[in-house]
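Below is one structure, written out as structure tokens; comments come after it.
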Protein chains: 2
Amino acid sequence: MDPDVGRRYAQEVGLVLAQMGTTPAFGTLLGWLLVCDPPRQTAVQIREAVGLSKASVSTGMRALEQSGMVRRVPAEGRGHAYEIHPDAFTRAIDPTAKMRAFIDVMQRGLDLMGDEDAPQARRLRHTRDVYAYMIERIPALLDEFRAREAREEEG
Amino acid sequence: MDPDVGRRYAQEVGLVLAQMGTTPAFGTLLGWLLVCDPPRQTAVQIREAVGLSKASVSTGMRALEQSGMVRRVPAEGRGHAYEIHPDAFTRAIDPTAKMRAFIDVMQRGLDLMGDEDAPQARRLRHTRDVYAYMIERIPALLDEFRAREAREEEG
DNA sequence: CGTAAAGTTCAAGAAGTACTGAACTTTACG
DNA sequence: CGTAAAGTTCAGTACTTCTTGAACTTTACG
């Protein structure tokens, strides 16, 4: 991929991720690691590729590391390189996070009301229960996908 | 529920929703409509309850209406009242929205690469496919929940 | 049909946040 | 072991975005 195209794509990913609450820089770095060639790159390479400051690369890469999406690997010469985890998104970006937050705030409302079975609690109960059900079922879906993926790689 | 407790709870909901990209005022209004008694309230009542300006209530309620979470109902006397839809959250807050955004940006990366089967495209492909699979299966989960809910109301 | 309440719109101020330059610490080559 | 590259930290700046007061339009009661 053309380096210029890659840089712009990384920024696109940055925008998408930013709309989900990360900083643009965080998403840009992730976007670059998603498409870069070779897949392992040093901070200096990344910096030159995406055009962020040394400070932003340092802070952003640490956040990516802590979130478990990216890992450090030894590099020849000085410093170290970074590599995105193959299924970084499924590992770190929990699609049920939003639902959990809803469940929590609904439950808190029910606690404040005191009587969970009161008619006025219905609005809160319904929302809590829908999301609780979804979250309960989603892990099985992920397992199914992994099984299907494994089957395809054999066959 | 104590009016003061209700107001503070509405603000809590506002904070939770704000972390998902809405304005705090939007979430606060929604939070109030979740727990208020009576469930139908005029803009003036809402304004007094949550302590937002007339302007914020007006703008916020319109957004809630357009998102389909809240509907206007005729009020006695002047003006009109608002009422939250029983399953406002499941209707309007699509838990797959985030996944769709990821699928789109992964696909765009694959398009830029040209060759979808290239080894360097693997990182993009994997993420796209996981989320596509999840989205495909989630509607069935919602149906299951509704069926279960209907069964419980009979029994 | 006049008037006051209800509702809308928008410019301006306030508040929060992300990026970076610069100073500092750590690392490792020669 | 000196030095230069690599990496970290943080205060300041630039930017975006939410809220609101105020002026305006619409509604409906008397």
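Values below: all heavy atoms of this structure, side chains included; hydrogens, waters and symmetry mates excluded. By convention in this document, chain letters (A, B, ...) are assigned in the order of the sequence lines, proteins followed by strands, and residues within each chain are numbered from 1.
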Subject >> A/D4/A/R8 ion pair, N-O < 4.0 Å >> reply: yes

Rounded distance in Å - [atom1] ([X]) to [atom2] ([N]):
| X | N | atom1 | atom2 | answer |
| --- | --- | --- | --- | --- |
| B/K54 | D/dC24 | NZ | P | 14 Å |
| B/R62 | C/dT8 | CZ | P | 7 Å |
| B/L29 | C/dG7 | CG | C1' | 14 Å |
| B/Q45 | C/dA6 | CD | C1' | 14 Å |
| A/Y82 | D/dT8 | OH | C1' | 10 Å |
| A/L17 | C/dT17 | CG | P | 18 Å |
| B/L64 | C/dG7 | CG | C1' | 16 Å |
| B/R72 | C/dA6 | CZ | C1' | 11 Å |

Subject >> A/T22 or B/T59, whichever maps to the more 5' nucleotide of DNA chain C >> reply: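 Taking each residue's closest nucleotide, the earlier one in sequence belongs to B/T59.
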
Original post:
When you match A/S56 and B/S58 each to their closest nucleotide on DNA chain C, which lands nearer the 5' end?
Top reply: B/S58

Does [N] have a Watson-Crick or wobble mate here (both distances under 3.5 Å), and if so which one?
| N | result |
| --- | --- |
| D/dG30 | C/dC1 |
| D/dT17 | C/dA14 |
| C/dC19 | D/dG12 |
| C/dA6 | D/dT25 |

**OP:** Answer yes or no: is there a donor N or O on one side and an acceptor on the other, between the side chain of A/S58 and the main chain of A/A55, under 3.5 Å?
**Re:** no

Original post:
Do A/T96 side-chain atoms and A/M99 backbone N/O form a donor-acceptor pair below 3.5 Å?
Top reply: no

**OP:** Give a yes/no answer on whether the side chain of B/H80 brings an N or O atom under 4.0 Å of OP1 or OP2 in C/dG7.
**Re:** yes

Subject >> N/O (side chain, A/T23) to phosphate O (OP1/OP2, C/dC19) under 4.0 Å >> reply: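 The answer is yes; a side-chain N or O of A/T23 sits under 4.0 Å from OP1 or OP2.
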
Measuring from the side chain of [X] (C-beta onward, heavy atoms only), which nucleotide among [options] has the closest atom?
| X | options | answer |
| --- | --- | --- |
| B/L52 | C/dT20, D/dT20, D/dG7 | D/dT20 |
| A/A55 | C/dT9, C/dG7, D/dT9 | D/dT9 |
| A/A25 | C/dC19, C/dA6, D/dA22 | C/dC19 |
| A/P24 | C/dA18, D/dG7, C/dT9 | C/dA18 |

Original post:
Does a side-chain heavy-atom distance below 4.5 Å link A/F89 with B/V130?
Top reply: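 No - every pair of side-chain heavy atoms lies 4.5 Å or more apart.
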
Original post:
Does a donor on one side chain sit under 3.5 Å from an acceptor on the other, for A/Y82 and A/E65?
Top reply: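 No donor-acceptor contact under 3.5 Å links the two side chains.
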
